[in-house]
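Take a look at the structure set out below.
Here is how names work: the chains are called A, B, and so on, in the same order as the sequence lines, proteins then strands, and each is numbered from 1.
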Amino acid sequence: MINPSVKVRFAPSPTGELHIGGARTALFNWLFAQKNKGQFYLRIEDTDPERSQEKYTEQILESLSWLGLHWDKPLLYQSQRLDVYKERVKDLTTSGHVYQCFCSKDDLQTARNEGHYQYPGTCRNLSEADIKQKLNQGIGFTLRLRIPEGEIRYKDQIYGDISVDHKELDDFIIVRSDGSPTYNFVVVIDDHDMGITHVIRGEDHVSNTPKQIQIYKALGYDEPIFAHLPMILGPDKKRLSKRHGAPGVQKFKNDGYFSGSLLNYLALLGWNPGTEEEIFSINELADAFDLKQVQKKGAVWDEKKLHWLSGQYVMATSTDDLLNAIRDNEPDWGKGSEISLLISIVELLKVRAKSLIEFVNQSEYFFNDPVAYDEKGLKKAWKDGSVNTLISNFVESLMTLPAWRKEELESTFRSYVSEKELGLGKIIMPVRLAVCGTLNGPSIFDIMELVGKETCIRRLGTALERLPK
RNA sequence: GGCCCGUUCGUCUAGUGGUUAGGACUCCAGGUUUUCAUCCUGGCAACAGGAGUUCGAUUCUCCUACGGGCUACCA
């Protein structure tokens, strides 16, 4: 069943948690693999000891798992492949593709500051004697790739034909003076060794690709197919980064978004199904996915739409599943209450809450007496002492109510206002305020039934005491 | 500075050599509702600019502008 001609990978570096951009890259790789019945691998690019941390690897894997982007084994760590890279360096040395460069970092930097952006080729053609002399002097060296004249050309699955003159490519460094290999070098070896057929990554790698192709050629490897995804942008149209408050995947989990809604939104950021559908399950996404429908321009991250989408997911989820998800997210929610009560609450809030955490935030008054009253609500519903008179009379009729059910409650409300020749709102609003502390929410009759007679009467009493005049 | 890439409503996007340039989010108005939310109806809102090709360009070509990326002994 597995299609051997499709192997993709996601290669995060563990220098921080998985953020939105990385998640989208992972998603598109995963979708491509699913669609083509290929394999999806992970490679941890942990060769920067300064910034890499084990805990980030764990966080990233956790986030990917939560998203449901499961990967195939083996999981590769670059830090464990140093020996392999050394071998390849030897290969390139013997084949004459690299040369030693004795220029110091400072000198190169100085030249750049003076406007010479390219490596001048100082050490490109040193004589044997020169090299021997420098080595004897104990001068450290890097290894540079010797790039021939010519033009490089490749077909990007998203951007189309891209060509660059070799003159634009420096003889870039593949091994640092401390002997460690650089990114553009190892990425090629890893992708080759992993059998990667399609390299799908961010647009920031478009300019790296021609360099990497030089490595493929030097090593005698076949090139994979390349596809570059447009960037995700902040509201200022600059690449989304920590500066924008770079949303990490974990944040959305904590805020109670379903992973499906995040995935759905991410997919629509830069890709379109070719239809006017907006809502997709992860499997539907995989079916519909096609690199041809991927956009070239960067897309601005818009949390409003995510929020809407999340609301759609909430409404489409069964009450039981919602209840489980809410308690997964917030184990203390409704602790000590009957399950039947919780189910009723979820039922009532389902159409209002757009994320799991909103169920929690909007259900406070089902469990606890209000500690404060919404200020706008006070102005609207409890202007002066006349309300106290009205409510205290009404409470009396509530007390005598034989059955505390929403139907009876509603008829009590209605007969009371018709007797007084008032609008329904005149009585409902103050009651709402007293019982919930806020004017917004589901039907007051439903709320009162669930909250119970004793508690409602108590809350009304409290309000009458606290809100005179 | 150089190179590469991009540019349709505020945002995500569809689309064609001749369309009333379509949808979604947001926003606004109206309806439903005790309120909020939902739901329904309606509305605002875009082809960056300039040349050229053409009977005709949003669509094809070039230029300009703007935006992004790369230009590290980071990944």
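- Going from the P atom of B/U41 to that of B/A24 covers 10 Å, rounded to whole Å.
- Using N1 to N3 plus N6-O4 or O6-N4 for Watson-Crick, or N1-O2 and O6-N3 for G-U wobble, each under 3.5 Å, B/U7 pairs with B/A65.
- Each of A/Tyr159, A/Tyr183, A/Phe226 was checked for a ring pair (Phe, Tyr, Trp, His ring centres under 6.0 Å) with A/His205, and the lone residue meeting it is A/Tyr183.
- Residues A/Gly298 and A/Asn184 each lie close to RNA chain B; by heavy-atom proximity, the contact nearer the 5' end of the strand is made by A/Gly298.
- Remark: the backbone N or O of A/Met448 is paired with a side-chain donor or acceptor of A/Trp404 at under 3.5 angstrom.
- Distance noted for atom P between B/C44 and B/G23: 11 Å (whole Å).
- Base-pair partner of B/A72: not found among the strands shown (Watson-Crick or G-U wobble, both distances under 3.5 Å).
- Backbone-only engagement by A/Gln78 is indicated by non-hydrogen atom pairs under 4.0 Å involving sugar-phosphate atoms exclusively.
- Here the C1' atom of nucleotide B/A72 and the CD1 atom of A/Ile173 are 8 Å apart, to the nearest Å.
- Look at B/A29: its Watson-Crick or wobble partner, with both distances under 3.5 angstrom, is B/U41.
- Residue A/Arg112 is classed as a sugar-phosphate contact, given heavy-atom separations below 4.0 Å to backbone atoms only.
- What separates OH of A/Tyr119 from C1' of B/C70 is a distance of 20 Å, to the nearest Å.
- Note: CD (A/Gln212) to P (B/U71) measures 11 Å, nearest angstrom.
- In terms of modelled atom types and a separation under 3.5 Å, the side chain of A/Thr110 and the main chain of A/Asp106 share a donor-acceptor contact.
- Nucleotides B/C40 and B/U58 are separated by 36 Å at their P atoms, to the nearest Å.
- In this model, no side-chain donor or acceptor of A/Thr182 finds a partner on the base of B/C73 within 3.5 Å.
- Side-chain atoms of A/Thr25 do not come within 3.5 Å of backbone N or O of A/Gly202 as any donor-acceptor pair.
- With both ends at atom P, the span from B/A14 to B/A48 equals 14 Å, rounded to whole Å.
- Note on A/Lys354: only backbone sugar-phosphate atoms sit closer than 4.0 angstrom, heavy atoms only; bases stay farther off.
- Regarding A/Tyr99, its OH atom lies at a distance of 14 Å from the C1' atom of B/C73, rounded to whole Å.
- Under the 6.0 Å cut-off for aromatic ring centres, A/Phe394 and A/Phe413 qualify, their centroids lying closer than that.
- Across all strands shown, A/Gly377 has no heavy atoms under 4.0 Å from either base or sugar-phosphate atoms.
- At a threshold of 4.0 angstrom between heavy atoms, the contacts of A/Leu268 are confined to the sugar-phosphate backbone, with no base atom among them.
- Considering only side-chain atoms of A/Ile162, the nucleotide from B/U34, B/C25, B/C4 that sits closest is B/C4.
- Checking B/U53 for Watson-Crick or G-U wobble geometry (two distances, each under 3.5 Å) identifies no partner in any strand.
- Residue contacts for A/Gly115: at a heavy-atom cut-off of 4.0 Å it reaches no nucleic acid atom on any strand shown.
- Of the residues near RNA chain B, A/Leu439 and A/Ser104, the one whose nearest nucleotide (by heavy atom distance) lies more toward the 5' end is A/Leu439.
- Taking the ring centre of A/Tyr77 as origin, the terminal cationic atom of A/Arg81 falls outside the region bounded by 6.0 Å and 45° from the ring axis.
- Atom P of nucleotide B/U71 and atom NZ of A/Lys167 are separated by 21 Å, given to the nearest angstrom.
- When Watson-Crick and G-U wobble pairs are counted only if both distances are under 3.5 Å, B/U20 pairs with no nucleotide at all.
- Here the C1' atom of nucleotide B/A24 and the NE2 atom of A/His307 are 17 Å apart, to the nearest Å.
- Residue contacts shown for A/Asp165 are absent, as no nucleic acid heavy atom lies under 4.0 Å away.
- In this structure, the CD1 atom of A/Ile428 is 13 Å from the C1' atom of B/C36, given to the nearest Å.
- At whole-Å resolution of the value, CD in A/Gln295 and C1' in B/A24 are 14 Å apart.
- In this structure, the aromatic ring of A/Tyr117 is positioned over the six-membered ring of the base of B/G1, centres within 5.5 Å and planes within 30°.
- Checking side-chain atoms of A/Tyr265 against main-chain N and O of A/Asp302 turns up a donor-acceptor pair under 3.5 Å.
- Here A/Pro235 lies out of heavy-atom contact (under 4.0 Å) with every strand.
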